[in-house]
Amino acid sequence: MPRATPTYIDTHAHLNHPRFKRDRPAVLRRASDAGVGAIVVVGYDPPSSREALDLAEQHEHLWATVGLHPHDAKDAAEAALTSLRNMAAHPKTIAVGETGLDYYRNLSPPDQQQQAFRRLIRLARDLGLPLIIHNREADEDALRLLQEERAEEIGGVFHCFSGDVDFARRVLDFGFLLGIDGPITYPPQRGTKSELARVVEQVPLEALLIETDCPWLAPQPHRGKRNEPAYVVEVAREIGRLRGVPVERVGEVTSAAARRLFPRLKPPGEKRG
Ligand code: NI
């Protein structure tokens, strides 16, 4: 039997962002040409979550998540949470997020971020959906809240992972995965190996998901420009280089991991039930 074409899944793309408004069809075409067979469009507030769902309804290989970024936690009004809950029930919604804590920019006060984070974890648990976590300089609180809210029962991913090897192991022990993005391709400073490279080398390959977080964080050859799902292959290539495995193998293993975490995400070409 002929082997299926190697495919990659961009598990974190903001194709709902205004920067894709003008040329989204061309962006989608380049992704398909690059072997990106499925794309998870991630919401960060109610309107962007709605837009993610609209895109997922229009394209068979696009999937949506509904979330509220910690920057907007101060706007976590009852109406916003109700609308997220309604959208989360849609069959093409595969996760709740992004949600989490961001103590680096602190655009919402930490107590309000924690409150909103807890509510989104509970929403995910109610619906049996996994979580997409945004964590910046909040390692201890993020993991503690997930533990207190028993999020290990639904699973999830620490998107755009930037912690050290020790924290990576604690995340994996908790049963969550690590999302790896463009920064893995950036040359390390002063020739020393980056902590992120150490993480990628030392954890099981099955623990990794590949993401772009586009339009941000374009990988090295495109650094500084708008990122897009086709470039997720550059992330896979660097993971493969660090671990000494072919890029296609990284695609296979990370795609399988994505489908385990997001059971609603069907392989490309498979009919939706
Ligand atoms: Ni994001």
Side-chain angles (χ1 to χ4, degrees), residues 8-21 24 27 31 36 38-53 55-56 62-73 75-76 80 84 87-88 93-108 113 116-117 120-121 124 129-139 142 146 156-163 171 176-186 196 208-219 222-232 234-235 254 258 261-262 265:
Y8 305 88
I9 299 178
D10 183 355
T11 56
H12 196 114
H14 299 291
L15 291 178
N16 44 356
H17 191 276
R19 285 178 72 187
F20 291 109
K21 213 173 187 109
R24 211 182 279 115
V27 169
V36 179
I39 301 169
V40 180
V41 184
V42 174
Y44 41 90
D45 59 13
S48 65
S49 300
R50 180 65 256 172
E51 183 116 355
L53 261 180
L55 290 169
L62 265 47
W63 308 83
T65 77
V66 302
L68 189 68
H69 199 279
H71 294 339
D72 300 312
D75 305 322
L84 290 177
M87 289 186 279
T93 300
I94 63 167
V96 170
E98 47 194 291
T99 176
L101 302 172
D102 193 317
Y103 294 170
Y104 177 70
R105 295 185 65 195
N106 258 332
L107 297 187
S108 288
Q113 291 189 36
F117 187 26
L120 266 82
I121 300 170
L129 289 173
L131 285 159
I132 294 179
I133 306 298
H134 173 105
N135 162 45
R136 205 147 171 220
E137 299 195 358
D139 288 3
L146 288 166
V157 55
F158 271 66
H159 134 71
C160 198
F161 187 79
S162 60
V171 167
F176 273 46
L177 304 182
L178 313 176
I180 305 298
D181 303 60
I184 191 65
T185 67
Y186 299 164
L196 187 58
L208 303 180
L209 299 183
I210 51 173
E211 340 175 306
T212 55
D213 204 17
C214 63
W216 302 288
L217 296 178
H222 315 282
R223 196 171 176 180
K225 304 202 189 93
R226 186 187 67 174
N227 198 1
E228 60 176 67
Y231 302 163
V232 82
E234 301 301 330
V235 175
T254 55
L261 178 61
F262 307 119
L265 187 78

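In what follows, residues are counted from 1 in the order of the sequence shown. Counting convention: from 1, in listed order, for ligands and their atoms alike.
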Salt-bridge criterion met for R24 and E51 (N-O under 4.0 Å): yes

Under 2.8 Å: N/O/S of C160 next to the Ni ion (ligand 1): no

For I39, the option from I9, L55, L15 that meets side chain to side chain contact (heavy atoms under 4.5 Å, CB included): L15

Heteroatom test (N, O or S) for H14 near the Ni ion (ligand 1), limit 2.8 Å: yes

Atom name of the N, O or S atom in E98 that lies nearest to the Ni ion (ligand 1): OE2

Main-chain N/O of V42 paired with H12 side-chain donor or acceptor, under 3.5 Å: no

For the Ni ion (ligand 1): the N/O/S atom of D213 at shortest distance: OD1

N, O or S atom within H12 nearest to the Ni ion (ligand 1), by name: NE2

Side chains of N227 and T212, donor plus acceptor under 3.5 Å: no

Minimum heavy-atom distance between L265 and A38, given as atom pair plus value: CD1-CB, 4.4 Å

